[in-house]
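These notes are about the structure you will find just below.
Chain A is the first sequence line, chain B the second, and so forth, proteins listed ahead of strands; every chain is numbered from 1.
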Amino acid sequence: MHIATWNVNSVKARMAIVTNWLQSTQPDVLLLQEIKCETDSFPSFEFEALGYKAYVIGQKSYNGVAILSRHSASDLVYQLPGDSEDAQARYIEATIQGVRIASIYLPNGNPVGADKFTYKLKWMQRLKKHAAELIERENSVVLAGDFNVIPEPIDVYDPKGWEQDALFRPETRAAFREIVNLGYTEAFRALHPDQKDAYTFWDYQAGSWPRNKGLRIDHFLLSPEATDRLISCEIDKNPRDKEKASDHTPVVIELR
DNA sequence: ATGGTTGTTGGACAA
């Protein structure tokens, strides 16, 4: 079973690149983040034509996540539990072929010191609580998406320069470790412990892509049973080099 | 670089 995650930075602006990639890669599941459209205007029909059913929670202009699946999904959850007041569309979860899978768009959190950073840390505490319940309740759990977290210095081109950024602040990294330490395995680093310059995001500005000045912020967290089934985890850099690319590129895992 | 770019939206805001 192949599962992919991709922050597409507007699904409508990215339709050609995403559909071409789906046709060539044909994962069982593609998790999308930052679809930037309302639920009802998601281009479900185009994905159905390629054999994927779409499960979507969107909102106007910002955020929005989706699960595209070649197999039927059940027991959908459309928001991260723990705050019914939170209207931001950043979380969707479903069971596909016995695997509990979430598509996550964790808040960016910048600027540090303002409401946005507080919101990020609270969101991560909610995610920790929910991740603890999932690992207790379910067997194979896959939490994947744009975590907006740089886990370690190896995951950023200039660790010093990013010290004060919400993606790399000690509080952010600690909250991420707390989730992992519930018993999850971060798939890419587990399989590629020493691989440097392995990034999933390159800013549109200042020639970040051609200079490979990137960040590794899109992750797969796997429960113990899912980890036992893990065959591979690879970053596919090809879509980032296309015309009209997203600033993120997809990551793909295979489970046996 | 107190730069730079992209997307939504029609001026900022988010990233």
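The separation between A/Gln88 atom CD and B/dC13 atom C1' is 13 Å, rounded to whole Å. We find that CG of A/Asn110 is positioned 12 Å from P of B/dA14, with the value rounded to whole Å. Separating the CG atom of A/Asn9 from the P atom of B/dA15 is a distance of 11 Å, rounded to the nearest angstrom. One interatomic measurement links the two molecules: CG of A/Asp165 to P of B/dA15, which rounds to 12 Å at whole-angstrom precision. Rounded to whole Å, the distance from CG on A/Asp203 to P on B/dG7 is 13 Å. Distance, A/Gln205 CD to B/dG4 P: 8 Å, rounded to whole Å.
Legend: residues meeting side chain to side chain donor-acceptor pair (under 3.5 Å) with A/Asn212, ordered by chain and number and at least two apart, are A/Trp202. Looking at residues two or more places apart in sequence or on another chain, you find a side-chain contact (heavy atoms from CB on, under 4.5 Å) between A/Asp83 and A/Glu85, A/Asp86, A/Arg126. Annotation: salt bridge (charged side-chain N to carboxylate O under 4.0 Å, His left out) contacts of A/Arg229 (sequence neighbours excluded): none.
Near DNA chain B, meaning a heavy atom under 4.0 Å from it, residues 143-150 of chain A has no residue at all.
For B/dG7, one of the phosphate oxygens OP1 or OP2 lies less than 4.0 angstrom from a side-chain nitrogen or oxygen of A/Lys244. For B/dT6, the OP1/OP2 oxygens have no side-chain nitrogen or oxygen of A/Arg14 closer than 4.0 Å.
Both A/Ala206 and A/Tyr62 lie near DNA chain B, and the one whose nearest nucleotide falls closer to the 5' end is A/Ala206. Position along DNA chain B of the nearest nucleotide to A/Glu34 versus A/Lys60 favours A/Lys60 as the more 5'-ward residue.
Nucleotides B/dG4 and B/dT8 place their P atoms 22 Å apart, quoted to the nearest Å.
Under a 4.5 Å side-chain heavy-atom criterion applied to ILVMFWY residues, the cluster that includes A/Val77 comprises that residue alone.
The salt bridge (Lys or Arg N to Asp or Glu O under 4.0 Å) pairs that include a residue from residues 183-211 of chain A are A/Asp155-A/Arg189, A/Glu186-A/Arg216, where partners are two or more places apart or lie in different chains.
Nucleic acid contact class of A/Tyr105 (heavy atoms, under 4.0 Å, all strands): sugar-phosphate only. Across all strands, A/Arg240 comes closer than 4.0 Å to no nucleic acid atom at all (heavy-atom distances).
A donor and an acceptor atom, one from each side chain of A/Gln33 and A/Thr5, are located under 3.5 Å apart.
Among all heavy-atom pairs drawn from A/Tyr184 and A/Ser223, the shortest one is CD2-N, 3.7 Å.
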